[in-house]
Amino acid sequence: MKNRRRIYEGKAKILYEGPEPGTLIQFFKDDATAFNKKKQDVIDGKGVLNNRISEFIFTHLNQIGLPTHFIKRVNMREQLIKEVDIVPLEVIVRNIAAGTLAKRLGLEEGAVLPRSIIEFCYKEDALDDPLVSEEHITAFGWASPQEIDDIMAMAIRVNDFLTGLFAGVGIQLVDFKIEFGRLFEGDQMRIVLADEISPDSCRLWDVKTQQKLDKDVFRRDLGSLTEAYQEVARRLGIMNENEAPRPSGPVLVKSDNDD
Ligand code: TYD
């Protein structure tokens, strides 16, 4: 692979400089981490699946007029994206009680919330991404009141879109995390959706069986993560059954007289 400048390496992705100014290449790794890196593993094929699933979702969001950083997928593991300044917030949207919300408020996992709830966490690994309020966000200048309004309006649109998309294929969207960035175009600046949307950053439950089809499979050792993500991709019509990602080496092909 040709040498290119690495701009940033995160837990699941690497950003390289793009082919043109103002663009970046987003590379999806196979690394899985949970509990702020206290649990780590490499899961063959995860990056390929997340790249495809996130491409599918961002393409649809662009099509419905929701601005994102996504331009196009360029290969099995990489996307071409617009360079943005990431707003240092993890924006969580919840429809059903799970994870830290269930723990914090003593709710039963699976309880339907009275309405969708948006939460903000300050993106700072050293502090374990603490939950913060709009007061903290504006007081410390992480985003302006206008930007918070834009972010919340877009988060609700993403939730509406994703809830319908997944309901259509028998999957409940329990909650998810998204990130936003500031895109500079000339002397204009606007907030766009950035990062990724994949089973790494959503809770997805099968409607009938309540089987988990997301990163909780890894967090809670519930079986094969790749199989769960493949099931999501298959239901979305992204990959057919014969097209499992094969990132690690050749696959034995049986010849006709191999009985
Ligand atoms: P949450 O219940 O707050 O945390 P945890 O995943 O530790 O139980 O997570 C809500 C949703 O947001 C869930 O789908 C996972 C996602 N999320 C991330 O992808 N990254 C993060 O850093 C956080 C805090 C949440």
Side-chain angles (χ1 to χ4, degrees), residues 8-13 26 28-41 43 46-47 49-51 53-54 57-58 86-113 115-133 136-137 142-143 151-152 154-156 158-163 165-167 171-181 193-207 210-222 225 228-229 231-232:
Y8 171 82
E9 177 154 5
K11 286 174 272 193
K13 294 188 295 293
Q26 175 164 256
F28 287 76
K29 300 195 283 186
D30 280 341
D31 301 50
T33 65
F35 313 116
N36 206 3
K37 280 195 172 168
K38 286 173 199 97
K39 181 174 165 86
Q40 313 196 30
D41 205 350
I43 304 201
K46 179 176 84 78
L49 284 155
N50 282 351
N51 185 21
I53 294 170
S54 199
I57 292 171
F58 274 71
I86 290 287
V87 176
L89 296 173
E90 312 226 316
V91 180
I92 295 172
V93 184
R94 302 177 180 273
N95 301 305
I96 294 168
T100 54
L101 177 78
K103 216 177 286 168
R104 219 183 314 126
L105 300 186
L107 301 172
E108 195 182 330
E109 264 219 333
V112 177
L113 298 173
R115 63 172 172 80
S116 303
I117 295 174
I118 301 179
E119 293 176 348
F120 299 103
C121 294
Y122 177 48
K123 249 172 89 74
E124 181 54 68
D125 278 349
L127 301 173
D128 272 354
D129 300 338
L131 187 68
V132 292
S133 71
H136 300 104
I137 297 169
W142 299 323
I151 285 172
M152 290 179 76
M154 286 166 71
I156 289 165
V158 173
N159 187 44
D160 287 345
F161 170 77
L162 289 181
T163 302
L165 174 75
F166 285 118
I171 294 174
Q172 252 178 330
L173 177 65
V174 173
D175 56 32
F176 61 95
K177 184 266 304 183
I178 45 181
E179 295 183 24
F180 293 87
L193 184 70
D195 193 49
E196 68 173 295
I197 299 180
S198 72
D200 264 9
S201 52
C202 300
R203 281 201 173 88
L204 303 170
W205 295 352
D206 180 87
V207 170
Q210 299 289 284
Q211 187 196 347
K212 294 183 182 4
L213 299 170
D214 56 58
K215 207 167 91 177
D216 273 348
V217 172
F218 171 72
R219 290 190 192 91
R220 303 181 188 184
D221 296 317
L222 299 176
L225 189 79
Y229 287 22
E231 177 63 14
V232 174

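Counting starts at 1 for both ligands and their atoms, following the listed order. As the structure is a computational prediction, the values presented were derived from the model and not from experiment. In this chain, residues are counted from 1 in sequence order.
Ligand 1 lies out of reach of K103, whose nearest heavy atom is not under 4.0 Å from it.
With rounding to the nearest 0.5 angstrom, the CZ atom of F180 is 10.5 Å from the CE atom of M152. Rounded to the nearest 0.5 angstrom, I43 CD1 and L49 CG are separated by 11.0 Å. Note: F176 CZ to D214 CG = 13.5 Å, rounded to the nearest 0.5 Å.
The atoms of ligand 1 that sit less than 4.0 Å from any heavy atom of D200 are 19 (O). Every atom of ligand 1 is numbered from 1 in the order shown, and the set under 4.0 Å from a heavy atom of D129 is 22 (O). Close approach to S201 involves these atoms of ligand 1, each under 4.0 Å from a residue heavy atom: 14 (O), 16 (C), 19 (O).
A pairwise comparison of heavy atoms in G99 and R203 identifies CA-NH2, 3.5 Å as the closest pair. Across all their heavy atoms, K29 and G10 have their closest contact at NZ-O, 2.9 Å.
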Apply side-chain contact (heavy atoms from CB on, under 4.5 Å) to residues K212 and D206 and explain how you reach the verdict.
CA-CA 7 Å; K212 294 183 182 4; D206 180 87; over 6 Å; no

Should T33 and R219 be marked as a side chain to side chain donor-acceptor pair (under 3.5 Å) after you check the CA-CA gap, both sets of side-chain angles, and the distance that decides it?
CA-CA 8 Å; T33 65; R219 290 190 192 91; over 6 Å; no

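Checked by distance only, ligand 1 and R203 come closer than 3.5 Å through their nitrogen or oxygen atoms.
Within the 4.0 Å heavy-atom criterion, the part of C202 lying near ligand 1 is the backbone and not the side chain. Heavy atoms of V174 found under 4.0 angstrom from ligand 1: none, in either backbone or side chain. Residue contacts with ligand 1, taken as heavy atom pairs separated by less than 4.0 Å, involve R219 solely via side-chain atoms from C-beta onward. Contacts of E90 with ligand 1, taken as heavy-atom pairs under 4.0 Å, involve the side chain alone.
Of all protein heavy atoms, the one closest to atom 2 (O) of ligand 1 is T100 N, 2.9 Å. Nearest protein heavy-atom neighbour of atom 12 (O) of ligand 1: K177 CB, 3.4 Å.
Between the side chains of Q172 and Q210, a donor-acceptor pair is found at a separation under 3.5 Å.
Distances from atom 14 (O) of ligand 1 to the heavy atoms of I92, L204, D175, I178 put D175 nearest.
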